[in-house]
Trainee: 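Supplied in structure tokens, the structure appears directly below.
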Amino acid sequence: MNRTNQENAVSVKALEKRFGSFVAVNKISLDVKRGEIFGFLGPNGAGKSTTIRMLCGILTPDGGSGTVGGLDVCTQSEEIKRNIGYMSQKFSLYEDLTVEENIDFYSGIYQIPAHKKRERKEWAISMAGLEKHRHTRTGFLAGGWKQRLSLGCAILHEPPALFLDEPTSGVDPISRRRFWDLISDLARNNITIFVTTHYMDEAEYCDRIALIYRGEMIALGAPRTLKTEQSGNHFFEVTCRNPMAAVEAVQDLPGVKEAAVFGTTFHLATDSPATADRVLGLLRQQGFSEAAMEKVAPTLEDVFVSLIEDYDRSHQAQIEVSQ
Ligand SMILES: Nc1ncnc2c1ncn2[C@@H]1O[C@H](COP(=O)(O)OP(=O)(O)O)[C@@H](O)[C@H]1O
Ligand SMILES: [Mg+2]
């Protein structure tokens, strides 16, 4: 095994998936290190599930190449499936089986050796906090418990890498927090985590995140780096009366990337500090004489919204040129 494979749990280049003429995943390249929590963020339909399915050996890529745990994503899908943990968007538990019966079922699927079955079952039950519910039918469990049981089942065979597709959607905030604590524990034990989400706050739990939009990766980096460097935009909070009217007055000015009402103020993203000064001057001329502006550190959501708007603008421009 070469050095790259030992260091990277996932390494793919120009990965592509088409459905007919529609390109769902467009030449995505990424490396994920052992023990890293790698977040894959993007709106619905961006291509997150399709990418994760290619990494898990469920879908065959139409282009590109790569490895997961040193195994080839194009030719060794069966080996990959046995060597990873995967939790799909809909947790695949049997609702009419009890908690223990679900675990026993997955023990069978993953061919856990007989002498380890008991220990792994107890581990999964205690990790999920289900000691009092081992004989409860799964269908009666609340969402957070089902989710943790599902996680336990996905890692019964102690895989070195775990792929989670929107594991927290539809789960209450406290359970989400608890779930992320479990994920952090796993990563501390050197398990690689590849997780998709559309919750921006969850991105903060990741070591690195990739933003995917319309099948393309449009940003990649640590959350803090993305906030400070990636977008190249400058962010301001503007205080004035009637922020809605103010947004309308400035949103189409050159250099304005984004203007959106935010409570009693509005948030502004510009291509440069000079543009922001011009916006403030113009507002004051147009009757917002008391308008005041403060530079702010962007949230990840601010950064992603402006990156997506940049993407849409440049692609719209390309369409107009080609027409
Ligand atoms: N089996 C399929 N056949 C046709 N189109 C598909 C199929 N699976 C996904 N798609 C399309 O590919 C795009 C990306 O889907 P998906 O990867 O599920 O996005 P996400 O998980 O980010 O919401 C969507 O437009 C979806 O409709
Ligand atoms: Mg999905």
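Read the numbers this way: they start at 1 and go in the same order the structure lists the ligands and their atoms.
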Trainee: A cation-pi test, strictly: NZ or CZ of R120 under 6.0 Å from the centre of the six-membered ring of W123 and no more than 45 degrees from its axis. Yes or no?
Mentor: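 Cation-pi check for R120 and W123: passes.
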Trainee: In sequence, state the C-alpha distance, the side-chain angles, and the governing distance for L93 and C153, and then conclude on side-chain contact (heavy atoms from CB on, under 4.5 Å).
Mentor: CA-CA 9 Å; L93 295 170; C153 289; 4.2 Å; yes
Trainee: Which ligand 1 atoms are under 4.0 Å away from a heavy-atom of S49?
Mentor: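 Taking each heavy atom of S49 in turn, ligand 1 has 17 (O), 18 (O), 20 (P), 21 (O) under 4.0 Å.
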Trainee: Would you check the N or O atoms of T50, main chain and side chain alike, for any that come under 3.5 Å of an N or O of ligand 1?
Mentor: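 Looking only at distances, the answer is yes, because the N/O contact criterion of under 3.5 Å is met.
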Trainee: Answer yes or no as to whether an N/O/S atom of N44 is found below 2.8 Å from the Mg ion (ligand 2).
Mentor: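 No N, O or S atom of N44 is closer than 2.8 Å to the Mg ion (ligand 2), so no.
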Trainee: With atoms numbered from 1 as shown, which atoms in ligand 1 lie under 4.0 angstrom from a non-hydrogen atom of N44?
Mentor: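 Going through ligand 1 atom by atom, the ones under 4.0 Å from N44 are 23 (O).
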Trainee: Compare G215, G42, G45 and give the one whose heavy atom is closest to atom 20 (P) of ligand 1.
Mentor: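 Looking at heavy atoms only, G45 sits closest to atom 20 (P) of ligand 1.
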Trainee: Please check whether G47 reaches ligand 1 - meaning an N/O of the residue sits under 3.5 Å from an N/O of the ligand, judged on distance alone.
Mentor: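 Yes; the residue has a nitrogen or oxygen that sits under 3.5 Å from a nitrogen or oxygen of the ligand.
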Trainee: Where the Mg ion (ligand 2) is the centre, what is the OE1-to-OG angle for Q89 and S49, rounded to 10°?
Mentor: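 Rounded to 10°, it measures 80°.
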Trainee: Angle class for the F38/F40 ring planes (parallel below 30°, perpendicular above 60°, tilted otherwise)?
Mentor: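 Rings of F38 and F40: tilted, as their planes differ by 30° to 60°.
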Trainee: Can you list the atoms of ligand 1 that are under 4.0 Å from a heavy atom of F22?
Mentor: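 The atoms of ligand 1 under 4.0 Å from a heavy atom of F22 are 11 (C), 12 (O), 13 (C), 25 (O).
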Trainee: Would you call E16 and R18 a salt bridge, taking side-chain N to carboxylate O under 4.0 Å as the test?
Mentor: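 R18 and E16: salt-bridged.
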Trainee: Should the pair K227-E301 be classified as a salt bridge under the 4.0 Å nitrogen-to-oxygen rule?
Mentor: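 Result for this pair is no, no salt bridge flagged.
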Trainee: Less than 4.0 angstrom from a charged side-chain N to a carboxylate O is my criterion; do E122 and R118 meet it?
Mentor: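 Looking at E122 and R118, the cut-off is met.
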Trainee: Would you say atom 26 (C) of ligand 1 makes contact with the protein, given that contact here means a non-hydrogen protein atom less than 4.0 Å away?
Mentor: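 So atom 26 (C) of ligand 1 lacks protein heavy-atom neighbours under 4.0 Å.
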Trainee: Salt bridge check, K27 against E216: does any charged N sit closer than 4.0 Å to a carboxylate O?
Mentor: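 Here E216 does not pair with K27 in a salt bridge, since their nearest N and O are not under 4.0 Å apart.
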Trainee: Please check if the distance between the ring centroids of Y86 and F163 is under 6.0 Å.
Mentor: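 No, they do not, as the ring centres are separated by 6.0 Å or more.
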Trainee: Give the atoms of ligand 1, by number and element, whose distance to some non-hydrogen atom of P43 is under 4.0 Å.
Mentor: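 Near P43, meaning under 4.0 Å from one of its heavy atoms, ligand 1 has 22 (O).
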Trainee: If the test is side-chain contact (heavy atoms from CB on, under 4.5 Å), which one of D310, D312, V305 qualifies with I308?
Mentor: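 That would be D312; it is the only one of D310, D312, V305 passing the side-chain contact (heavy atoms from CB on, under 4.5 Å) with I308.
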Trainee: Do any nitrogen or oxygen atoms of A46 lie less than 3.5 angstrom from nitrogen or oxygen atoms of ligand 1?
Mentor: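 Looking only at distances, the answer is yes, because the N/O contact criterion of under 3.5 Å is met.
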Trainee: Can D62 and K17 be counted as an ion pair, charged N to O under 4.0 angstrom?
Mentor: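 Salt bridge present between D62 and K17.
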Trainee: Looking only at protein heavy atoms, which one is nearest to atom 9 (C) of ligand 1, and what is the separation?
Mentor: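 Of the protein heavy atoms, F19 CE1, 3.5 Å lies nearest.
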Trainee: Tell me which one of Q89, R214, K48 gets a heavy atom nearest to atom 22 (O) of ligand 1.
Mentor: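 Considering heavy atoms of Q89, R214, K48, the nearest to atom 22 (O) of ligand 1 sits in K48.
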Trainee: Check each atom of ligand 1 against the heavy atoms of A24 and keep those under 4.0 Å away; list them by number with element.
Mentor: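 Those of ligand 1 that fall under 4.0 Å from A24 are 12 (O).
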Trainee: So is R53 polar-close to ligand 1, meaning N/O to N/O under 3.5 Å?
Mentor: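 Not met; the criterion fails.
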